[in-house]
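These notes are about the structure you will find just below.
Residue numbers count from 1 along this sequence.
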Amino acid sequence: MANDNIDFKNPDEVAEFILTEGIPGGIAFKSERRDDSLYIPEIDMILTPVVHQLQDRSAGIAFYMRSEKYDKQLFEYSMGMGSDGRTAVGMALASFLFSFMEGFHKMTAKEDPTEIKTEFAGKSHEWNVYLSNVTGMGLKEKTEENASAYAYWDLLKDEIMKRLGNQKLALVKVYASKSPKDVICEVRIDDVSFPELGEMVKTIAEKWNVEQFISEKQFFFIEQKEETYIPSEYDGNEGWQKLRGMVLDYLKMFRMASTQELYERLPYAAANSIEDPVIAAECYSFLPEMAAMHAWGDRMKISDMAIMGLPDGTETKLSVYQLSDFLKLDNVLGDIISKGDFGDETDTLLKELIGCSSIYSAVNKALEAGSELGDLIISNMYYNMGEGFVLR
């Protein structure tokens with residue numbers, strides 16, 4: 001499709017252009033066309049672009065990626081602005097290619113890694129960190145504070161390291177923007193927003209001198225070394241399906257716990273029915289909170305840091321995302337809800353889960369006291385984990 005013949009207001013034509021020219025012409029990897037996606041053999045990844053919005057001077061493109069090597073779904077939403085549709089699409093593509101894909105290529109080429117070490121659940125983990133280019137829109141003054149490509153990493157690294165458990169790859173996205181009226185900053189780890197980290201980035205963006213609009217974006221690819229990664233029985237597609245089956249079994253038991261007495265006995269029933277006692281305990285403690293986080297997470301601040309009461313009577317403070325099962329359980333629950341596994345009762349199930357969460361209780365109390373959702377900050381949630389649970 002010749003560039004001059006493309007209608008840059010037509011999503012189908014823009015998507016075809018991205019697949020035939022836009023991405024293949026701009027990445028260091030060789031790719032193969034597979035229907036509405038590209039397959040990149042070198043990294044065993046399927047990349048699917050979806051054109052979300054096209055306006056006269058702006059374009060938004062979502063990039064969905066499945067990496068078999070890292071057993072991970074990756075996502076990036078790239079915005080572009082320009083004098084016309086063609087330029088806007090080009091800017092959105094350039095932002096993705098020169099930031100995300102360039103960073104991914106640095107990781108596969110083992111180019112200029114920063115080594116870090118973490119510890120979780122009594123196990124040591126070693127990582128290589130690869131920083132992408134910083135891309136953005138608008139011009140800002142260079143200062144000593146933000147001139148280095150390591151500015152955001154140096155600011156955030158200690159807090160990020162507190163949130164690493166045991167995984168093959170952690171993807172961090174840093175976004176900062178400022179207009180004359182507002183400063184918007186966000187840090188996402190594996191596409192989960194971490195409000196405390198976003199507030200840290202704000203301390204940089206607030207100092208920018210702005211006449212119209214400035215934004216910056218950078219990715220950190222944090223790859224665990226093979227020798228310290230601890231394999232999980234829930235890795236890969238087979239592991240995913242096994243975990244999904246366990247969560248479905250738990251949710252069926254949850255639906256049958258129709259009285260307070262039955263609900264209080266649910267942890268014991270789940271532990272006896274589900275072959276993995278850790279998953280049973282995590283389903284009881286986490287699924288209601290996950291449902292509530294998705295219901296209100298974009299309207300209030302919910303911290304990932306929690307205090308966990310362990311079966312031996314001790315307590316520990318951690319980020320729930322350090323737990324190897326937490327994000328997997330969250331993704332499984334989302335898949336079950338989105339696919340409507342419980343038919344016409346799926347929405348009812350979701351509401352019942354939310355109603356059992358401590359977040360729901362906190363929201364109700366705050367609203368009754370006259371607070372607004374946007375004012376709420378929920379931090380240091382407490383999870384009392386049942387028998388059979390271990391940190392992993």
Set out, in order, the CA-CA distance, both residues' side-chain angles and the distance that settles salt bridge (charged side-chain N to carboxylate O under 4.0 Å, His left out) for Glu199 and Lys301, then state yes or no. CA-CA 11 Å; Glu199 289 298 318; Lys301 293 178 180 178; 3.2 Å; yes

Checking [Y] against [X]: is there a side-chain donor and acceptor pair closer than 3.5 Å?
X	Y	answer
Glu216	Tyr152	yes
Thr87	Asp84	yes
Thr48	Ser37	yes
Lys217	Ser95	yes
Ser303	Glu196	yes

Check whether more than 12 heavy atoms from other residues, nucleotides or ligands sit under 6.0 Å from atom [atom1] of [X], and answer yes or no.
X	atom1	value
Glu211	CD	no
Lys110	NZ	yes
Asp36	CG	no
Asp35	CG	no
Tyr382	OH	yes
Lys30	NZ	no
Asn380	CG	yes
Glu226	CD	no

Sequence neighbours left out, what pairs pass salt bridge (Lys or Arg N to Asp or Glu O under 4.0 Å) with at least one residue falling in residues 247-261? Arg255-Glu345, Arg255-Glu352, Glu261-Arg265

Contact list for residues 378-392, test salt bridge (Lys or Arg N to Asp or Glu O under 4.0 Å), sequence neighbours left out: Asp276-Arg392, Asp325-Arg392

Contacts of [X] that satisfy ring-ring contact (aromatic ring centres under 6.0 Å, His included) - sequence neighbours left out:
X	answer
Phe219	Phe100
Trp153	Phe220
Tyr70	none

[X] (side chain) donor-acceptor with [Y] (main chain) under 3.5 angstrom:
X	Y	value
Gln218	Ser99	no
Glu13	Asp7	yes
Thr228	Glu126	yes
Ser285	Glu282	no
Arg299	Ala295	yes
Ser179	Phe213	no
Lys178	Ile184	no

Using atom types as modelled, flag every donor-acceptor pair under 3.5 Å from a side chain in residues 164-171 to any protein atom, sequence neighbours excluded.
residue	atom	partner	partner atom	Å
Asn166	OD1	Gln224	NE2	3.4
Asn166	OD1	Ile230	N	3.0
Asn166	ND2	Ile230	O	2.8
Gln167	NE2	Leu169	O	3.4
Gln167	NE2	Asp190	OD2	3.0

Quick test of your reading of the model: are [X] and [Y] salt-bridged, counting only N-O distances below 4.0 Å?
X	Y	result
Asp191	Lys173	no
Arg163	Asp158	no
Lys365	Glu368	no

Indicate, with yes or no, if the rings of Phe254 and Tyr284 have centres closer together than 6.0 Å. no

Ring centres under 6.0 angstrom apart (Tyr77, His52): yes

Check step by step if salt bridge (charged side-chain N to carboxylate O under 4.0 Å, His left out) holds for Glu233 and Lys242. CA-CA 9 Å; Glu233 63 180 301; Lys242 182 177 182 179; 2.6 Å; yes

Measure up the Tyr360 and Trp296 rings against each other and bin them: parallel (under 30°), tilted (30 to 60°), perpendicular (over 60°). parallel

